[in-house]
There are 2 protein chains.
Amino acid sequence: MDEWIDGRMELMLGAKDIDSCPVRDVLSRVSGKWSTLLLIALSNGPRRFSELKRFAPDISQRMLTKSLTELRRDGYISRKVYPTQPPQVEYALTDEGSSFLEAWQGVVVWAKENRERVHAARRRFDAETGDL
Amino acid sequence: MDEWIDGRMELMLGAKDIDSCPVRDVLSRVSGKWSTLLLIALSNGPRRFSELKRFAPDISQRMLTKSLTELRRDGYISRKVYPTQPPQVEYALTDEGSSFLEAWQGVVVWAKENRERVHAARRRFDAETGDL
DNA sequence: CTGCATCCGGCGCGATACTG
DNA sequence: CAGTATCGCGCCGGATGCAG
């Protein structure tokens, strides 16, 4: 492998082999369809299960539970059960979760600012390749 | 929907409904298994198809072509064909591509710094839930 | 060398029904 | 209200073979 790769990989990924790449390792868990959305939903304070469900009306109960469990497993959110009747469960962002959300902001901002450019590129590409 | 949602969603996503969410819209294209890795590979200058193949030995030709095409469609990279025999194709990062990589850096850095914390959280979670 | 077509397994995700 | 279990679909991604 060339030298430029080592330097760049070390800088960007921290490892050359993809299996031990911390980026993929960590980010694979928050790349789900709902994960980051739920983190955002919790960014203004703790929310209950049903509140989160209402927040994302098009999420299935299955995926809500699943996503919350994964996020909890990786330490992004906490879960507190109140032994009431009916039961009540409150989810909250951990420090780790807020920290991640902060880092994520840069990408979010970029995506918002460059959305139209990306769309334009897509249209251009499709037009060029469509009629050849 | 409560008010906190509107404010936060507007801040983070730019849209309440998930289908018109610019973040998902833009990032779904770079969330592939190889996309960001290829962008990083190109961050030090243009590379040929075979160079990229050597860069990520475990990528299949199919996925290399596919990923490159998608990245090109969204305007992150450019493609230049040299009419030699055998043919030679050179891929390069566009301004849009470099711009994205810059924004992406924050997340990469975070992932590297917090990898161990995430792993620890996972171990803890598995231990707690495994023997109950 | 570069790229496309085909087949195929895994899994992310949704729909639905059921439990404490 | 919060969560689990089952089923099924679609898509990502790997393996292989063919073509310019």
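Numbers restart at 1 for each chain; the letters A, B, ... are given by sequence-line order, proteins then strands.
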Does the A/T94 side chain pair with the main chain of A/G75, one donor and one acceptor, at a distance under 3.5 Å?
yes
B/M63 atom CE is separated from C/dC4 atom P, nearest whole Å, by 13 Å
Rounded to whole Å, CD of A/Q85 lies from C1' of C/dT19 at a distance of 13 Å
note: B/L52, atom CG; C/dC1, atom C1'; distance rounded to Å ~ 13 Å
Checking all strands, does A/Y91 fall into the base, sugar-phosphate, or nothing category for heavy-atom contacts under 4.0 angstrom?
sugar-phosphate
Taking the inter-plane angle between the rings of B/Y91 and B/F49 on a 0 to 90° scale, is it parallel (under 30°), tilted (30 to 60°) or perpendicular (over 60°)?
-> tilted
Rounded to whole Å, CZ of B/R47 lies from P of C/dT2 at a distance of 14 Å
Contacts of A/P86 and A/T65 projected onto DNA chain D by closest heavy atom; the upstream (5') one is A/P86
Of B/E70 and A/Q88, the one whose nearest nucleotide on DNA chain D sits closer to the 5' end is A/Q88
Q) Taking the inter-plane angle between the rings of A/F100 and B/W110 on a 0 to 90° scale, is it parallel (under 30°), tilted (30 to 60°) or perpendicular (over 60°)? A) perpendicular
Please tell me if A/S50 has a side-chain N or O lying less than 4.0 Å from either OP1 or OP2 of D/dA2.
yes
Side-chain atoms of B/R62 come closest, of D/dG13, D/dC1, C/dC1, to D/dG13
Comparing B/P87 with A/G32, nearest DNA chain C nucleotide closer to 5' gives the residue B/P87
>> Under a 4.0 Å threshold between the charged nitrogen and the carboxylate oxygen, would A/R117 count as salt-bridged to B/E96?
In response: yes
Separation of D/dG20 atom C1' from B/Q61 atom CD, nearest Å, is 14 Å
Taken to the nearest whole Å, CG/A/L37 to C1'/C/dC13 is 15 Å
Rounded to whole Å, the CG-P distance (A/L64 to C/dC13) equals 13 Å
- Message: Between A/D74 and B/R124, does any NZ, NE, NH1 or NH2 come within less than 4.0 Å of an OD or OE carboxylate oxygen?
- Response: no
Out of C/dT2, D/dG14, C/dG12, minimum distance to the side chain of B/W34 belongs to D/dG14
To the nearest angstrom, the CG-P distance between B/L68 and C/dT2 comes to 11 Å
